[in-house]
Each structure stands twice: as C-alpha cells, then as structure tokens.
Protein chains: 2
Amino acid sequence: MKIAEPTVGRLVQYHRLLERLYMEGQKVVSSQEIGESLAFKASQVRKDLSYFGEIGKRGVGYHVEKLYKHINEILSSPRKWKLGLIGVGHLGSALLGYGALRNDKVEISALFDNDKSKVGKVFFGVECHHIDDAAKIICRDRIEVVILAVPSSAAQSCVDSIVSSGCVKGILNFSPISIVTPADVLVTSVDISVELEKLLFYLKEEEKKK
Amino acid sequence: MKIAEPTVGRLVQYHRLLERLYMEGQKVVSSQEIGESLAFKASQVRKDLSYFGEIGKRGVGYHVEKLYKHINEILSSPRKWKLGLIGVGHLGSALLGYGALRNDKVEISALFDNDKSKVGKVFFGVECHHIDDAAKIICRDRIEVVILAVPSSAAQSCVDSIVSSGCVKGILNFSPISIVTPADVLVTSVDISVELEKLLFYLKEEEKKK
C-alpha cells in the first residue's frame with residue numbers, strides 16, 4: 001500500500017498534535033477536536049485514521065497513546081539520516097538555524113557553497129566545503145539526503161553533479177525551479193514563490209465573488 | 001469553477017516555464033517537453049491544459065505565446081498586494097532577502113517583531129515595528145497579506161491579534177504549526193518540517209522494497 005503524498009503530510013501533522021496531547025496527559029481525542037486543531041475536516045481525519053482500525057471508536061474517539069505510537073511507528077526512521085546542505089546564503093543559513101532540521105531523525109553533517117570566503121568556515125557547528133567537492137564528500141561521509149538552497153540558475157547543475165556520485169537518495173529542493181533527477185533519487189520541493197502565487201490567486205478569486 | 005490547489009500550483013510552474021520559453025523565442029511546445037522540464041507526467045500536463053481549449057493541437061503542441069498569455073491572465077493580480085512580515089529572525093530575514101518575495105505582484109511594506117532591539121530599524125529597506133502595533137499598522141497601511149515567520153509557540157496568538165483587525169485577507173504561514181483563522185482569511189502553509197518528514201518517509205518505504 002503506497003500512501004499518497006498529501007496523506008503523509010497530514011500524518012506528520014497528526015503525529016505532531018498527538019505527541020503534544022500525549023505529553024499533556026490527554027487520554028482520548030475526537031476526530032472533530034483533531035480537525036479543529038489542524039484546520040482539517042473531521043470527515044478527512046476519520047478517513048485518514050480509518051487505516052488504523054480499532055484505535056478509534058464511534059462516539060468515544062481515538063485512544064491518544066495508541067494512535068500516537070502507531071503513527072510514530074509509521075513515521076519512524078531506520079536510522080539518523082545524514083544531510084548535506086548546498087548553498088549557505090540567506091535561505092541556507094536560515095534553514096541551518098531552523099529547529100525543523102535539528103531533530104533526532106536527521107543530522108546536517110556538511111555544507112557546500114561556491115563562495116570561497118565561506119569554504120573552510122564553520123556555520124552552526126558544521127563545516128563548509130567547496131561545491132566542487134560535494135560528490136566526493138557526500139559519498140565519503142555517507143550523506144544520503146541533500147538540501148538544495150541555491151539560486152535557480154545553479155540548481156540543476158548542482159543536482160547533476162551530486163546525483164552522478166550515486167550516493168544521494170533524496171533531495172529537499174528549495175530552489176524555485178523544478179529539478180530533474182534519475183528515478184531512484186526522490187525529490188520533495190518547497191517552492192515558496194509557488195505557495196505565495198497560490199495564495200494570491202485564491203485572494204483574487206475571493207474578490208471576484210464579491 | 002474552482003481550480004484545485006495542486007492544479008494552481010502546477011499552473012504557476014507552467015507559467016514560469018512558458019515565460020522562459022517565450023523570452024527565448026520558442027514558438028511551440030509539446031506536453032511531453034513541458035512534462036520533462038517540470039517533472040510532471042505528459043498526461044497530467046494535457047489534462048491541466050485541456051481547460052484552455054484550442055491552444056494545444058494533437059501532434060502539433062501548444063502555441064507558447066498564446067498559452068503563456070492565457071495563464072498569465074489567470075494568475076494576474078488586480079493590484080500590487082501589500083505584504084507585512086511578522087518575525088524578523090533567521091527565516092524572516094532570509095525571506096526578506098529572497099527573490100521570490102520581491103516581484104511585481106507584491107511589496108513587503110512593514111515588518112513586525114517582539115524583539116525591541118529590532119523595532120525602529122530598517123531591514124532590506126523596510127521598517128520594523130513592534131508586534132503589538134501590527135493590527136493598527138496593517139489597517140492603516142492597507143496591508144492585506146501577512147507572512148508569518150514566528151516560532152510555533154507564538155504563531156496562533158500573532159494570528160489572533162492581526163486577524164482581529166479585520167484588514168488581513170490572507171496569511172502565508174511558515175510556522176511549523178496549523179493556524180486557525182476565520183473562514184474569510186485564507187491561509188497557505190509552507191511547513192518545512194512536514195516536507196522533510198515526507199521525504200524521509202518515502203526514503204524509508206523505498207528501502208523496504210529492496
């Protein structure tokens with residue numbers, strides 16, 4: 001059973017909410033309560049969580065601890081993933097300082113940039129190497145996931161050079177461009193300009209209705 | 001006809017690609033070529049673009065200029081939107097310096113933070129105000145869209161205070177938490193930790209197959 005991408009996205013959010021409720025000692029939670037906290041429809045919550053069988057009961061709700069542990073198991077990592085970050089500019093530095101990339105599932109273990117003034121320096125405890133050495137260092141240090149935070153003009157050539165090493169398994173792409181990879185390299189893109197355009201589009205549509 | 005969110009996201013990407021092809025002087029493009037450039041299936045491209053009727057012809061492809069102008073019209077803004085940015089930390093600063101938020105559809109016209117050492121200062125040409133003054137300044141300056149780049153613990157209370165002004169129409173949320181707003185305030189979330197978790201989930205699934 002392949003779980004669709006939007007469902008995985010919601011699972012991550014259920015996990016985050018349930019972890020908090022579990023820590024706070026809450027025993028039971030309804031689909032309605034989950035829906036309100038996450039801005040999802042209760043019917044969507046029930047549909048998503050129906051995969052887990054008897055953890056929810058009609059009129060009673062979901063057992064917080066059981067559901068949390070179940071989703072935790074689904075999302076658990078086989079090991080701590082080693083990450084490389086390419087592009088130590090404004091966005092790359094912000095990502096480095098950002099809590100989301102500092103958790104027990106991942107470890108940023110190398111930085112890469114083409115700016116010689118950054119090479120050899122340490123940012124947030126991680127050393128920066130020259131981008132030309134990326135493929136070699138990624139294989140040597142067993143880095144499996146690369147965060148790409150370079151300008152669009154550099155994105156595809158960066159991808160081509162690191163993918164050629166055969167060591168990269170996944171890319172989290174922040175460049176505002178679609179990158180192309182071999183089928184066995186997974187890509188998830190966070191395209192900030194697309195998200196902004198989407199919001200502006202729907203704002204315009206709302207105005208038309210009035 | 002309400003266009004679904006993933007479709008709008010793809011439209012933005014078609015627009016970006018077609019703009020480039022148009023500038024480069026290309027006359028015709030096939031669904032296959034579009035698909036390869038954007039890492040979408042050609043069938044998906046044909047389905048999306050079938051909304052536009054006779055702009056594409058079987059065996060000939062799409063007329064680049066016509067299609068570009070058509071999508072440009074759909075995504076065009078009624079005016080330049082004024083944006084406020086809340087949270088001038090690592091991520092907020094990176095967003096300020098980031099090209100995607102500096103285009104002809106939007107203008108970041110005020111910053112807000114609760115750090116008194118930042119209040120009154122100018123970052124990337126934009127003045128920073130105290131967060132307590134946000135609701136007032138947002139209405140005064142006719143800011144309609146707010147970019148939220150504060151820690152999760154502060155996100156909902158920030159939203160509640162700015163939404164109470166009645167002037168905010170949309171929020172681009174970068175806080176790793178689901179925020180709740182009245183129905184007439186649109187929210188688009190860019191949740192970096194969710195995107196990373198999704199990638200790690202699929203990497204794990206790929207490994208299981210082997």
Side-chain angles (χ1 to χ4, degrees), chain A residues 2-3 5 8-9 11-13 16-17 36-39 74-78 81 89-91 93-95 97-101 103 105-106 144-145 151 169-172 176-181 184 186-207, chain B residues 2-3 5 8-9 11-13 16-17 36-39 74-78 81 89-91 93-95 97-101 103 105-106 144-145 151 169-172 176-181 184 186-207:
Chain A
K2 159 127 171 122
I3 308 185
E5 208 176 311
V8 178
L11 272 188
V12 174
Q13 295 180 68
R16 202 151 66 180
L17 174 67
E36 280 169 14
S37 299
L38 299 176
I74 293 170
L75 297 175
S76 69
S77 280
W81 300 92
H90 285 299
L91 186 62
S93 304
L95 293 172
Y98 185 59
L101 303 183
N103 63 46
K105 287 185 187 170
V106 296
E144 295 174 294
V145 180
K169 293 179 175 164
I171 297 175
L172 185 60
I177 189 175
S178 309
I179 55 172
V180 178
T181 60
D184 62 344
L186 303 181
V187 177
T188 299
S189 286
V190 182
D191 194 322
I192 295 169
S193 52
V194 169
E195 297 305 322
L196 176 66
E197 288 271 3
K198 269 160 63 174
L199 178 62
L200 299 180
F201 172 80
Y202 286 115
L203 288 174
K204 184 173 82 160
E205 295 293 295
E206 282 300 309
E207 272 188 11
Chain B
K2 159 126 172 120
I3 308 184
E5 207 177 311
V8 178
L11 272 187
V12 174
Q13 295 180 69
R16 204 152 63 183
L17 174 68
E36 279 169 14
S37 298
L38 299 175
I74 293 171
L75 296 176
S76 69
S77 280
W81 300 92
H90 285 299
L91 186 61
S93 304
L95 292 172
Y98 184 59
L101 302 183
N103 63 47
K105 287 185 187 171
V106 296
E144 297 175 293
V145 180
K169 292 178 176 165
I171 297 174
L172 185 61
I177 188 174
S178 309
I179 56 172
V180 178
T181 61
D184 62 344
L186 303 182
V187 177
T188 299
S189 286
V190 182
D191 195 322
I192 296 167
S193 51
V194 169
E195 297 306 321
L196 176 66
E197 287 271 3
K198 269 159 63 174
L199 178 61
L200 299 181
F201 172 79
Y202 286 115
L203 287 174
K204 183 172 82 162
E205 295 294 295
E206 282 301 309
E207 271 187 14

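Here is how names work: the chains are called A, B, and so on, in the same order as the sequence lines, proteins then strands, and each is numbered from 1.
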Minimum side-chain heavy-atom gap E144(B)-L203(A) below 4.5 Å: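 The answer is no, as the side chains (C-beta and beyond) never meet within the 4.5 Å cut-off.
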
E36(B) side chain reached by V180(A) side chain, heavy atoms, under 4.5 Å: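 They are not in side-chain contact.
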
Below 4.5 Å from any heavy atom of chain B, which atoms of [X] appear? Answer side chain, backbone, both or neither.
X	value
D184(A)	neither
F201(A)	side chain
V8(A)	both
E195(A)	both

Residue part contacting chain A, namely of V194(B), when any heavy atom lies under 4.5 Å: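 Both parts, backbone and side chain.
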
Contact class of T181(B) relative to chain A, heavy atoms under 4.5 angstrom: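 Neither part.
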
Can you tell me which of [options] forms the most heavy-atom pairs within a distance under 4.5 Å of chain A?
options	result
Q13(B), H90(B), R16(B)	R16(B)
G97(B), P151(B), G9(B)	G9(B)
V190(B), L200(B), L91(B)	L200(B)

Any residue meeting salt bridge (Lys or Arg N to Asp or Glu O under 4.0 Å) with E207(B), in chain and number order, not counting sequence neighbours: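 E207(B): salt bridge (Lys or Arg N to Asp or Glu O under 4.0 Å) contacts with R79(A), K169(A).
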
Which residues share a salt bridge (Lys or Arg N to Asp or Glu O under 4.0 Å) with K105(A), sequence neighbours left out: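 Salt bridge (Lys or Arg N to Asp or Glu O under 4.0 Å) list for K105(A), sorted by chain: E197(B).
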
K204(B) (side chain) donor-acceptor with P78(A) (main chain) under 3.5 angstrom: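 No; zero donor-acceptor contacts below 3.5 Å.
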
Main-chain N/O of E5(A) paired with Y202(B) side-chain donor or acceptor, under 3.5 Å: yes

Selection from N103(A), I171(A), L95(A) maximising heavy-atom pairs under 4.5 Å formed with chain B: I171(A)

Nearest non-hydrogen partners of L101(A) and V106(A), listed with the distance: O-CG2, 3.6 Å

